[in-house]
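Read through the structure below, which is laid out as structure tokens, and then see the notes.
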Amino acid sequence: MSCLGENIKKLGFGLMRLPTVGEQIDVEQVKSMVDRFLEAGFTYFDTAWAYPGSEDAIRQALVERYPREAFQLATKNAAWIKCASRDEAAAQFETSLRQTGAGYFDFYLLHNLGEGRTRFFDDFGMWDFVREKKRLGLIRHAGFSFHSTPEELDALLTAHPDMEFVQLQINYADWENPAIQSRGCYEVARRHGRPVIIMEPVKGGMLAKPPKAVTDIFSTLNPGPSPASWAIRFAASLEGVVTVLSGMSSLEQMEDNLSFMKDFRPLSNEEQDAILAAQQALAAFPLIPCTTCNYCAKLCPREIGISGSFTAMNHFILFNDKAAARHQENWLVSMHGRKSAAECIQCGECEAVCPQHIAIRDELVRVVQSLGLTTA
């Protein structure tokens, strides 16, 4: 593997799902998590311009409290979010510098490439933009995150051979998923000799609380480790991986992750067999593959609580408890100021930006019918 990640341990702190108090990020808890993470010897932090409040929080919790050389900071440019010109897309970089106070970025990513989103980076000349920022020393390593097909990834890496790494969604649930094609994309990256940073190893938290059929497989072999540990170790066991990003949102999650990643050991053959059995068991459930990235919410003209509705629906699928699922839907949607799935106007704006390629409109209809939702 390239020397790109030679000083980076295999666990990265994903800053997309930080702890909150009400609607605000709990910066004091983030400080405690940052302290614990660094104390354990880990140094990679991953934020993005598109993560509300995240860059500002990591400035307060990390950048203003530790020497700049003590950590690596990654952030991202989402030129496809409400940008009509190169200037607007480029302004995200300056905003990120201001919000993080980092001075420079160790890793800078063109964010969520694939399908119709890639054209914004092409049209706005963002490839040359990051090259220039790298020449000026404001970016140490340039790459991109990607959600699409292996064929499109191959074309991008061929067209832009100077991109130093690629960030991919990889977890055991999506390894053979035809909509995500984790294995295929990973193999393309390795064929091009690109180091890989892994995102969504726990699939938005879904693999931290998998159905009983899955947990039984793991606990039969080893009753001690958490379900999340199996997911993260699966991803970290792959060759050519710089680090695996875990979107930790509590000290408890942080301590669990540190417990098995501080002295990381790859999965054994027996454990790989257990993962295969878990994949087969999980495939039997018709879950909605939402990771709560909420890119859909940024474009929905009706402000539908899409990810909250899907979380509630998955709870119903896994546990067959409609009352609990409806309670969850009320909390995650109505109580957070979003509108019910029953108010969807079927415009399709959301589907154009979904990294998971979910047929969102059809799934919202399923949510309404299954949970018995009505308009206000």
Side-chain angles (χ1 to χ4, degrees), residues 14-26 48 50-54 78 81 112 147 169 171 173-174 179-180 199-200 202-211 228 246-250 253 285-376:
L15 304 168
M16 184 182 190
R17 301 178 179 92
L18 293 172
T20 58
V21 175
E23 295 296 313
Q24 301 299 314
I25 292 174
D26 184 353
Y51 301 166
S54 177
I81 297 181
N112 192 11
H147 289 278
Q169 176 173 323
N171 56 68
D174 290 327
I180 308 299
M199 56 182 161
E200 302 292 358
V202 194
K203 200 168 172 63
M206 189 180 297
L207 300 181
K209 295 180 180 178
S246 178
M248 295 169 276
S249 55
S250 70
Q253 292 176 3
F285 291 88
L287 298 173
I288 303 171
C290 176
T291 65
T292 68
C293 69
N294 285 321
Y295 297 147
C296 55
K298 300 180 191 302
L299 297 180
C300 178
R302 294 290 292 165
E303 298 186 334
I304 304 297
I306 298 171
S307 66
S309 296
F310 289 171
T311 298
M313 184 64 191
N314 282 338
H315 185 95
F316 178 58
I317 293 168
L318 292 173
F319 305 110
N320 196 32
D321 186 335
K322 183 180 288 190
R326 287 190 57 134
H327 177 78
Q328 191 169 52
E329 192 273 344
N330 180 63
W331 166 248
L332 294 173
V333 178
S334 300
M335 298 302 289
H336 282 78
R338 310 296 293 187
K339 292 180 181 175
S340 166
E343 299 193 41
C344 173
I345 59 173
Q346 296 283 299
C347 69
E349 290 285 329
C350 52
E351 293 180 8
V353 299
C354 177
Q356 312 307 316
H357 313 288
I358 299 169
I360 294 175
R361 288 172 289 181
D362 292 344
E363 294 293 359
L364 287 176
V365 170
R366 181 160 69 120
V367 171
V368 171
Q369 293 174 345
S370 298
L371 301 186
L373 304 180
T374 58
T375 55

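In this text, all values refer to a predicted model and were calculated from it rather than measured experimentally.
Taking CD from Gln356 and OG1 from Thr292, the interatomic distance works out to 9.5 Å, rounded to the nearest 0.5 Å. Rounding to the nearest 0.5 Å gives a distance of 9.0 Å between SG of Cys354 and CG of Asn112. Atom CG of Leu287 is separated from atom CE of Met206 by 5.5 Å, given to the nearest 0.5 angstrom. For the atom pair OG1 of Thr20 and CD1 of Ile25, the computed distance is 8.5 Å after rounding to the nearest 0.5 Å. A distance of 12.0 Å separates CG in Leu373 from SG in Cys344, rounded to the nearest 0.5 Å.
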For this session: For side-chain contact (heavy atoms from CB on, under 4.5 Å), just list the numbers for Arg302 and Glu349, CA-CA rounded to whole Å, side-chain angles, deciding distance to a tenth of an Å, and then say yes or no.
Result: CA-CA 11 Å; Arg302 294 290 292 165; Glu349 290 285 329; over 6 Å; no
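Contacts classified as ring pair (Phe, Tyr, Trp, His ring centres under 6.0 Å) and involving residues 352-374 (residues at least two apart or in different chains) are not found.
Applying the side chain to side chain contact (heavy atoms under 4.5 Å, CB included) criterion to Glu363, with sequence neighbours excluded, gives Ile288, Phe310, Ile358, Arg366. Checked against salt bridge (Lys or Arg N to Asp or Glu O under 4.0 Å), Arg17 has the following partners two or more places apart in sequence or in another chain: Glu200. Under the salt bridge (Lys or Arg N to Asp or Glu O under 4.0 Å) criterion, Glu351 pairs with Arg361, not counting sequence neighbours.
Not a single donor-acceptor pair under 3.5 Å links the side chain of Lys203 to the backbone N or O of Gln169. Side-chain atoms of Ser54 come within 3.5 Å of backbone atoms of Leu15 as a donor-acceptor pair (strictly under, hydrogens ignored).
When every heavy atom of Ala341 is checked against every heavy atom of Val367, the shortest pair comes out as CB-CG1, 4.4 Å. For the pair Gln253 and Ser249, the tightest heavy-atom approach, listed with the atom from each and the gap, is OE1-N, 2.8 Å. Met313 and Ser370 make their closest contact through CE-OG, 3.2 Å (heavy atoms, listed as atom of the first residue, atom of the second, distance). Closest approach of Ile304 and Ser340 over heavy atoms only: CD1-O, 3.3 Å. Residues Gly305 and Val333 share a closest heavy-atom pair of O-CG2, 3.5 Å. When all heavy atoms of Asn171 and Asp174 are compared, the pair lying nearest together is OD1-N, 2.8 Å.
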Listed pairs under 3.5 Å, donor-acceptor, residues 324-332 side chains, sequence neighbours left out:
{"from": "Arg326", "atom 1": "NH1", "to": "Leu371", "atom 2": "O", "distance (Å)": "2.8"}
{"from": "Arg326", "atom 1": "NH1", "to": "Gly372", "atom 2": "O", "distance (Å)": "3.0"}

Contacts table for residues 293-301: side-chain donor-acceptor under 3.5 angstrom, sequence neighbours left out:
{"from": "Asn294", "atom 1": "OD1", "to": "Ser307", "atom 2": "OG", "distance (Å)": "2.6"}
{"from": "Tyr295", "atom 1": "OH", "to": "His111", "atom 2": "NE2", "distance (Å)": "2.6"}
{"from": "Lys298", "atom 1": "NZ", "to": "Ala50", "atom 2": "O", "distance (Å)": "3.2"}

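Taking a 6.0 Å sphere around CD of Gln24, one finds it holds 12 or fewer heavy atoms contributed by other residues, nucleotides or ligands.
With a 4.5 Å cut-off on side-chain heavy atoms, Glu343 and Glu303 do not count as touching.
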